[in-house]
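Written below as structure tokens is the structure these notes are about.
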Amino acid sequence: YKRPLYIALALCFAACNSGKNDADHQLSVSGTIDGAAGKYLKIIDMTKPGFLPDSIQIGDSGRFAFNQKSSEPKDFVLYIEPENNIRVLPSPDENVIIAANYPNVVETYSVAGSPESERLAGLLRKHHQSNFVLDTLNQYYMAHQLDRKFEQIRADVRAKSDSVYR
């Protein structure tokens, strides 16, 4: 009676422990940021709140790379200047490749090798474009508030701002 139970428990324990651990999984992030040779790329691992940013120096040709052992997906914010950051979401065993131009990293970057990072890049790009359009429309609106044709201008601005959300 007890012997099959012990065997079953031992097999269950062995099966649970036979999976890969962090040492068996590695993710990598690499790429080129043209025009940023010699600068430091800061890396914040958002899955570890409270940790200070790590940094790596970008090579003479604008190339950088880092690896991390992890069995869980990561959420990295990468930046040279904090207001010009990009975000990648690599999963274990993925090799994320980034290409960008400095100083407009956020506007020029592309990412490959991680479906989640690629989708996030598209969403962030759309977000930045929408903010730019809305800011421009707001400036136009403010500059023409006292115009005699203000009601027509307001209708035009409203129509253009609504297009951002389509």
Side-chain angles (χ1 to χ4, degrees), residues 19-145 153-154 156-166:
K20 291 186 171 186
N21 59 28
D22 281 359
D24 296 328
H25 290 284
Q26 181 169 294
L27 53 88
S28 67
V29 178
S30 62
T32 303
I33 303 176
D34 291 328
K39 299 202 176 293
Y40 283 88
L41 181 67
K42 278 72 164 198
I43 305 158
I44 300 175
D45 183 348
M46 300 301 287
T47 61
K48 296 180 179 177
F51 281 79
L52 293 175
D54 198 357
S55 65
I56 55 173
Q57 188 168 21
I58 298 171
D60 291 338
S61 61
R63 297 206 33 81
F64 68 91
F66 66 93
N67 301 309
Q68 190 174 90
K69 294 182 185 305
S70 178
S71 61
E72 300 293 327
K74 291 292 184 174
D75 179 0
F76 293 123
V77 175
L78 310 174
Y79 65 89
I80 297 170
E81 289 98 18
E83 66 280 353
N84 199 8
N85 65 70
I86 59 175
R87 203 164 193 159
V88 292
L89 305 169
S91 292
D93 303 323
E94 286 185 338
N95 180 24
V96 178
I97 301 169
I98 298 168
N101 296 314
Y102 181 79
N104 297 320
V105 175
V106 80
E107 295 173 13
T108 62
Y109 88 100
S110 64
V111 63
S114 166
E116 290 82 9
S117 297
E118 292 169 26
R119 282 191 290 276
L120 179 61
L123 287 170
L124 292 175
R125 191 171 297 107
K126 177 68 174 166
H127 173 75
H128 288 290
Q129 289 168 348
S130 297
N131 279 344
F132 176 77
V133 168
L134 292 173
D135 287 345
T136 302
L137 289 171
N138 186 46
Q139 290 172 7
Y140 183 78
Y141 178 85
M142 298 303 275
H144 292 87
Q145 277 188 32
I153 291 170
R154 191 167 84 178
D156 292 344
V157 168
R158 179 176 289 135
K160 286 180 175 53
S161 67
D162 286 346
S163 72
V164 168
Y165 300 106
R166 290 185 204 140

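Small disclaimer: the values here were computed from a predicted structure and weren't measured.
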(request) Carefully, step by step, assess Val111 and Val96 under the rule side-chain contact (heavy atoms from CB on, under 4.5 Å). (result) CA-CA 7 Å; Val111 63; Val96 178; 3.4 Å; yes

Out of curiosity, [X] [atom1] to [Y] [atom2], how far, rounded to the nearest 0.5 Å?
X	Y	atom1	atom2	value
Ser114	Asp93	OG	CG	12.0 Å
Leu89	Leu27	CG	CG	11.0 Å
Arg87	Leu124	CZ	CG	8.0 Å
Ser55	Leu78	OG	CG	12.0 Å
Gln68	Gln26	CD	CD	9.5 Å
Asp24	Ser70	CG	OG	12.0 Å

What closest approach, in Å, do [X] and [Y] show between heavy atoms, and which atom pair accounts for it?
X	Y	value
Glu116	Ser91	OE1-OG, 4.1 Å
Ser61	Thr32	O-CG2, 3.8 Å
Asn84	Tyr79	O-CB, 4.0 Å
Val77	Met46	CG2-CG, 3.7 Å
Pro115	Glu94	CD-OE2, 3.5 Å
Ala65	Ser30	CB-CB, 3.8 Å

(message) With side-chain contact (heavy atoms from CB on, under 4.5 Å) as the criterion, how do Asn131 and His127 come out once you've worked through the C-alpha distance, each side chain's angles and the decisive distance to 0.1 Å?
(response) CA-CA 6 Å; Asn131 279 344; His127 173 75; 3.1 Å; yes

(request) Flag this pair as yes if the NZ/CZ of Arg125 is under 6.0 angstrom from the six-membered ring centre of Tyr109 and inside a 45 degree cone about the axis; otherwise no. (result) yes

(message) Is any side-chain heavy atom of Met142 closer than 4.5 Å to one of Asn138?
(response)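 Yes, side chains in contact.
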
(message) Could you tell me if the side chain of Ile44 sits less than 4.5 Å from the side chain of Asn85, heavy atoms only?
(response) no

Which residues pass the side-chain hydrogen bond (donor to acceptor under 3.5 Å, both in side chains) test with [X], sequence neighbours left out?
X	value
Asn101	none
Tyr102	Glu81
Thr47	Asp45, Lys74

(request) Apply the test side-chain contact (heavy atoms from CB on, under 4.5 Å) to residues Ile80 and Leu41: give CA-CA distance (whole Å), side-chain angles for both, the deciding distance (0.1 Å), then the verdict. (result) CA-CA 5 Å; Ile80 297 170; Leu41 181 67; 4.2 Å; yes

(message) Filter on salt bridge (Lys or Arg N to Asp or Glu O under 4.0 Å), then keep only pairs touching residues 48-61, sequence neighbours left out; what's left?
(response) none

(request) Determine which pairs satisfy salt bridge (Lys or Arg N to Asp or Glu O under 4.0 Å) with at least one residue from residues 26-44, sequence neighbours left out, and list them in order. (result) none

(message) Taking ring-ring contact (aromatic ring centres under 6.0 Å, His included) as the definition, give me every residue that meets it alongside Tyr140, ordered by chain and number, with sequence neighbours left out.
(response) His144

(request) Would you check, one step at a time, whether the test side-chain contact (heavy atoms from CB on, under 4.5 Å) holds for Ile43 with Val29? (result) CA-CA 11 Å; Ile43 305 158; Val29 178; over 6 Å; no

(request) Please check if the side chain of Ser28 supplies one atom and the backbone of Phe66 the other of a donor-acceptor pair under 3.5 Å. (result) no

